[in-house]
Amino acid sequence: MHTFGAAELLLLQAFLKDIEILEINRFTGNYMAVNYREFQKLNLPVIEQEMLAKWSENQAFEKSVSLRNDAPSFVFYEGPPSANGMPGIHHVISRTLKDLVCRYKTMRGFQVNRKAGWDTHGLPIELGVEKELGITKEDIGKKITVEEYNRKCREAVMRYKDKWDDLTKKMGYWVDLNDPYITFDNNYIETLWYLLSKLYEKGLLYESVSIQPYSPAAGTGLSSHELNQPGTYKMVKDTSAVVMFRAVKDEKSAFLFEAVANAGRQASRAELETGHSPLAIDHSPFFLAWTTTPWTLPSNLGLTVGERITYVLVQTFNPYTHLPINVVLAKDLLGKYFKPEAENTGFGEYKEGDKVLPWRILTEFKGAEIEGCRYEQLLPFEANSPEKSGGDPFRVLLGDFVTTEDGTGIVHTAPAFGADDYRVGKKYNIGILTMVDRQGKFVDGLGEFSNRYVKNYKDDKDYVDVNVDICVKLKKENRAFKIEKYEHNYPHCWRTDKPVLYYPLDAWFIKTTALKDRLVALNKTINWKPRSTGEGRFGNWLENMVDWNLSRSRFWGTALPIWKTEDGSEEKCIGSVPRLKEEAAKADKTLGTNNAKIMADLDLHKPYVDDIILVSESGKPMKRVPDLIDVWFDSGAMPYAQWGLDHEKLKAGDPYPFKQPFNKNYPADFIAEGVDQTRGWFYTLHAIAGLLFDSVAYKTCVSNGLVLDKNGNKMSKRLGNVVDPFKTIEQYGADATRWYLITNASPWENMKFDLEGIKEVQRKFFGTLYNTYQFFALYANVDGFAFKEAYIPLEQRPEIDRWILSSLNTLIKKVTEYMDDYEPTQAGRAIEEFMDEHLSNWYVRLCRRRFWKGEYEHDKVCAYQTLYECLETVLKLMAPISPFFSDALFQNLNAVTGRHNTESVHHADYPVSKPAAIDASLEERMQLAQDISSLVLSLRKTARQKVRQPLQKVLIPVLNKHMKDQIELVEDLIKSEVNVKEITYLTEDNGFIKKKIKPNYTVLGKKLGAKMKPVAAALAEFSQDDIAKLEKDGSISLNIENEPLILQTNEVEITSEDIPGWMVANKDALTVALDVTVTPELVSEGNARELVNRIQKIRKDSGFELTDRILVKVTEHQELSQSIAQFNNYICAEILADKLELVPEIPDGTEIEVNDIPLKVFVTKKA
RNA sequence: AGAUCCGUAGCUCAGCCUGGUUAGAGCACUACACUGAUAAUGUAGGGGUCAGCAGUUCAAAUCUGCUCGGGUCUACCA
């Protein structure tokens, strides 16, 4: 079947509409139309379909780039989405933002390359495949080979690519989908390897341990994503223990021992006699620490306290051994262990079996004061001797994670089994002890606990909880203060249902902290929108940066290119495919491996890369470390990897060995994504660029907020409040959707998405634009206006034309500034305001007659040229935000006039504001005219005088000459707009006006300060004479609180308030009074106008053409005959009548009413 | 737990940086008008303890602090 091209369509439409096509546009090669296309009704989706067809036929996007081949480039990076999920409406906002900036910069004369990209690795893809196949991670390598599994992943990755492409197209997002970068591509991965090898060479890539959730039953680490599965956190009852760590006496702890000794000296006789003295048996202070995992106690190496937390040393008894003891804990937590009424009592009487423990505070101090105190190891065995820890353990440390919500305010710290513990332990170098193996049981050399499982991982019926046994031992040894069952929420492995351990696992890190200061400094050069994201969220993140843990134990992702010998003594980091080939061949030669087979059809994924064996310098075989890397490295490396590695440059030692056009495309001028990417893509881009190239990756970063539903809830499938972007665009059009998303709120604010809002935009903005265009097209087609006449200089145009063009140029200036500042919301709102307030509701409304009255001569041409220029300019201004409708109308205009040498508005240059066209004074007086008109209309309303009834005069008090001059210049406009015969100006000297005075607070406030109030009161008392005197002399003297004070005129504001005896209205300093007296003369004229209106209606109802001449007969009526006779010429001119006759009787005329007078009219078209 | 953004009319948002005396606009609602742009437009009306509390100041929606509510991010989640 034949499909029509755009030009053909245009031709066809023209035929259908009986429009003749005359010539071919000398620029575009398209047929030029004689008439502007008129629409039947506004249907944005249909127009968008047409535009899409046209764009694709003319390769409009490609041309928008290639036309700027010699232009400077504006660099944009596309953040890669993952195509394994459906796109949502929130994607539309960030993509609109990206698109409009790129389109804008293109129109501003830059070349903007836009390479699309796909994020293809990562856990969501693995999980999707597992769900689809009904398998779990455990089955990989058993029920399914890694090879098959990864093939499935590769297939699944692009599952919704078609949908994404479709949305991209339909929403009008111009990005190059034909040549995207794909993160699973070998060339892409190779570049990642290169970057990793560079980090390795710089010593910024290292292996260490990290504490991760680990499932001993499944023998695997868990991601926090897995930990966030529903049902993993369960309430369980565990044996918790508050245990006692015995302080060692040294300089730091001396004050504690001293406090105990002091108490001993003051002990009562009873205490001494019962052996309950604080000095009895063991007088050492003990640190109390709480744990819900007693199995971690053999691995304890530190005690962490809060620097600013207040601690107390308390004398009391051990509830199990009943021995007198002295313990340290947080003051806030005393209530958990001691009863208030037992304080300072009963020490002498305490005996075994007493429920209530006597207690007294011996001293009080801050956590900071016990930093560095040493204590004895709680459970010393052969396996956990201090030397084995590799550090200097058993000290009191400071940590900011300590709270006084639970426990004792002193945290038992086992670096192996907690992320916080590990971090603080590392800071103080207390070493690490891992007394539990990967099966979840204690190691050898722990006495009676050796080889016992710390939880029941083997479903042993006879399992005895080792935690309980540890507690029993501690009780016996006077080292337990409180043992109880404690119910808490604890994570479980979602596969085995067994409790998770936090366990130290080997991992590879990027040493981002090494260059933290540089990264912080570079960040300060980035233009963040909004500023707070960069300074606050991102800045803080950089300040508190930790090293980047790259390792992931997964299957589908970028492999870490590091090979190690079995003993770990030698390793190699491979930075390119040629290097890998070289090394692989070497191994084949020396070790007799069969790498060649794998290399022949190389895939840099598992399992293939894992099968490659390399050879070390000393001739030992090396295997790849099994880790994959964090997918965020994939996307953060896109500035380089999107182009790939250039082997020639690499050989030549180029510091940027990437394929062209890398050099022209680094760093980015602009990126934009959701604010959730702050710690994601924004960070990884920044980190890689900073670490490897000492550069920013992007100069401007716009972060957009979330799209919520109309009630402010997050959109989720579960709630069923997800907005389908396809349906939205289909129903309301991409333009209206885009315009709504951009103008409703600043992009970085969360937006409540409401379809009603799109409807409003459609009606209000696009409807007005459409009406204005239709209005223009209607008359321009009648008059044959095609901008053939020379451009009429501004000074030869009427005031109102100069005004709208001045406003237009002011608008261009504003919009350009906003767009340059990445404030599209402000730009869009400014365009809306111009379109509505200025162009449609003032210029067009006031100028309507100019388009349909009179001959085609100077004034009419002025009107056409002016309106045309306004329309054309607005279309260009709005084109980046709503690309379809603007282009459609632009092309319709250009098809007739051929003013632009471009096929599309998107190939045109953005308008440039002409300062010479801007006349601030003119804009000011037109604002006055609008305000005055509005006030008069308001008065008419109150006086019940309709606008068609002419009135005699308006009074306007003028405060100064400037104001009078300004209003006089727009007097005619006001008079015709409000249908009033004359304007009279009242000046101060005719004493007609009542004036009002009030302080100019801004000026006076600074001068007077506290005296403001009495002065304001004094001014309120001013008489008209006082005000007059002040105005005449320029100053006046007051007596305020018995002190003289001189006021200048510039320190007060004087406005006219009232005109006694007149009907007045105010707005700011403007006051207007209306004479509402209706004389017989005025009534007569009003009648004539009313009659015109009725006959116009008849013309319209009869379906006459605009230009048809008519003949009119009207029945005689005594009250009206006078009017009709007097205004006969006027009436005929208005209604295009050749003749208006008064006749006694019309048998079959139309019945009408003119100001309540019934009449019959007979209208016929002149043959 | 920390960080950050937001809270103004029934709804969507201005105003806040740079404090100034009646806190605005659009939508919606009601009434009236206008009508050769008409699925448009004008005028009028009701509608607000500017989230709350405290402080600074002659003066606070605006500056400061705290609290409450909502969102997001981070704690190896893509």
Side-chain angles (χ1 to χ4, degrees), chain A residues 41-42 82 85 119 121-125 127 210-213 221 223-228 400-401 403 405 419-420 507 509 530 532-533 535-541 544 546 548-552 630-632 635 674-680 705-706 708 710 712-714 743-746 748-752 754 756-757 759-760 763-764 767-768 770-776 778-779 825 829 832-833 836 840-841 844-845 848 851-852 933-934 937-942 944 946-948 998-1005 1008-1016 1093 1096-1097 1099-1100 1104 1106:
Chain A
K41 63 174 208 172
L42 177 59
S82 173
D119 190 21
H121 287 144
L123 190 63
I125 292 153
L127 293 178
S210 84
I211 310 303
Q212 302 175 41
S223 68
S224 68
H225 178 267
E226 288 165 299
L227 230 47
N228 285 333
D400 54 11
F401 56 89
T403 68
E405 260 154 45
D420 285 334
F509 291 84
S532 61
T533 300
E535 283 175 0
R537 189 183 279 209
F538 196 66
N540 284 320
W541 166 250
N544 299 319
V546 292
W548 180 359
N549 182 356
L550 265 190
S551 292
R552 297 291 184 277
D630 185 1
V631 290
W632 283 109
S635 51
V675 69
D676 53 342
Q677 294 295 335
T678 309
R679 267 88 173 225
L706 294 198
L708 309 170
K710 64 177 178 181
N713 298 311
K714 205 179 164 181
T743 58
N744 182 59
S746 283
W748 34 88
E749 273 175 54
N750 291 344
M751 91 151 351
K752 291 181 191 165
D754 189 356
E756 288 301 315
K759 281 189 204 162
E760 190 180 322
R763 229 185 29 240
K764 195 120 182 75
T768 307
Y770 162 81
N771 276 330
T772 309
Y773 168 83
Q774 285 284 84
F775 174 85
F776 168 81
L778 179 67
Y779 294 109
T825 307
R829 286 176 179 171
E832 267 177 0
E833 196 199 344
D836 190 47
S840 173
N841 281 330
V844 173
R845 199 152 58 82
R848 273 196 308 241
F851 292 90
W852 51 265
S933 300
S934 167
L937 289 172
S938 155
L939 289 171
R940 272 183 172 277
K941 158 80 186 165
T942 319
R944 299 181 179 282
K946 53 181 155 188
V947 181
R948 237 181 271 119
K998 65 174 190 177
N1000 181 337
Y1001 283 95
T1002 319
V1003 175
L1004 264 188
L1008 297 179
K1011 278 193 211 151
M1012 205 58 237
K1013 273 189 179 146
V1015 171
N1093 166 253
Q1096 295 286 34
K1097 199 164 193 161
R1099 278 185 63 113
K1100 198 177 169 190
F1104 294 170
L1106 288 173

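Since the model is a prediction, treat every value here as computed from it, not as a measurement. Order of the sequence lines sets the chain letters (A, B, ...), proteins ahead of strands, with each chain counted from 1.
- For B/U38, the OP1/OP2 oxygens have no side-chain nitrogen or oxygen of A/Arg763 closer than 4.0 Å.
- Only the C1' atoms considered, B/C63 is 11 Å distant from B/C17, to the nearest whole Å.
- Across B/G24 and B/G71, the matching P atoms stand 33 Å from one another, rounded to whole Å.
- Across the P atoms, B/U38 and B/C32 are found 25 Å apart, a figure rounded to whole Å.
- Comparing B/C50 with B/U57, their P atoms are spaced 23 Å from each other, to the whole Å.
- Between A/Trp632 atom CH2 and B/C73 atom P the separation is 11 Å, expressed in whole Å.
- Summarising the geometry, the separation between CD on A/Glu832 and P on B/A14 is reported as 13 Å, rounded to the nearest angstrom.
- At a threshold of 4.0 angstrom between heavy atoms, the contacts of A/Trp548 with the nucleic acid are absent.
- Taking the charged nitrogens against the carboxylate oxygens, A/Arg829 and A/Glu832 have no contact shorter than 4.0 Å, which rules out a salt bridge.
- Heavy-atom distances to RNA chain B give each of A/Asn744 and A/Val844 a nearest nucleotide, and the one nearer the 5′ end belongs to A/Asn744.
- In this structure, the CD atom of A/Glu833 is 14 Å from the C1' atom of B/C13, given to the nearest Å.
- Taking atom P on both B/U67 and B/U30, the two are 45 Å apart, rounded to the nearest angstrom.
- A/Asp420 comes within contact range of no nucleotide atom at all, as no heavy-atom separation falls under 4.0 Å.
- Rounded to an integer number of Å, the gap from A/Leu550 CG to B/C76 C1' is 10 Å.
- Closest to the side chain of A/Asn771, out of B/C27, B/A14, B/A37, is B/A37.
- Remark: A/Tyr770 engages no residue in a ring-ring contact (aromatic ring centres under 6.0 Å, His included) (not counting sequence neighbours).
- In this structure, the side chain to side chain donor-acceptor pair (under 3.5 Å) partners of A/Ser82, at least two apart in sequence or on a different chain, are A/Asn84.
- The separation of B/G42 from B/G26, taken at their C1' atoms, amounts to 15 Å, rounded to a whole angstrom.
- Going from atom CG of A/Asn1093 over to atom C1' of B/A33 covers 12 Å, rounded to whole Å.
- Under the salt bridge (Lys or Arg N to Asp or Glu O under 4.0 Å) criterion, A/Asp630 pairs with A/Arg552, sequence neighbours left out.
- Between the side chain of A/Ser840 and the main chain of A/Asp836, no donor-acceptor pair closer than 3.5 Å is present.
- Considering only the side chain of A/Glu760, B/C27 comes nearest among B/C76, B/C27, B/U12.
- For A/Trp632, the ring-ring contact (aromatic ring centres under 6.0 Å, His included) test picks out no residue, with sequence neighbours left out.
- Here the CG-CG distance, from A/Leu778 to A/Asn771, works out to 11.5 Å after rounding to the nearest 0.5 Å.
- Looking at heavy-atom distances under 4.0 Å, A/Arg552 makes contact with a base.
- Note: A/Phe851 and A/Tyr779 have tilted aromatic rings, judged against thresholds of 30 and 60 degrees for the angle between ring planes.
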> How does RNA chain B look in dot-bracket form if you count Watson-Crick and G-U pairs under 3.5 Å, write [ ] for pairs that cross, and put | where a base pairs with another strand?
Replying inline: (((((((..((((......[...)))).(((((.......))))).....(((((..]....))))))))))))....
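- If you take atom C1' in B/A78 and the same atom in B/U12, they sit 32 Å apart, rounded to whole Å.
- Separating the P atom of B/A9 from that of B/G47 is a span of 14 Å, rounded to the nearest Å.
- Between A/Glu756 atom CD and B/A28 atom P the separation is 9 Å, expressed in whole Å.
- When the nucleotides B/A78, B/C27, B/A37 are ranked by their closest atom to the side chain of A/Arg848, B/A37 comes out on top.
- Separating the CG atom in A/Asn744 from the CG atom in A/Asp754 is a distance of 9.0 Å, to the nearest 0.5 Å.
- With B/A37, B/A78, B/U12 as the choices, the nucleotide that has an atom nearest any side-chain atom of A/Tyr779 turns out to be B/A37.
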>> Walk along nucleotides 41-48 of chain B from 5' to 3' and tag each nucleotide B, S or - by protein heavy-atom contact under 4.0 Å, base first, then sugar-phosphate.
In response: SSBS----
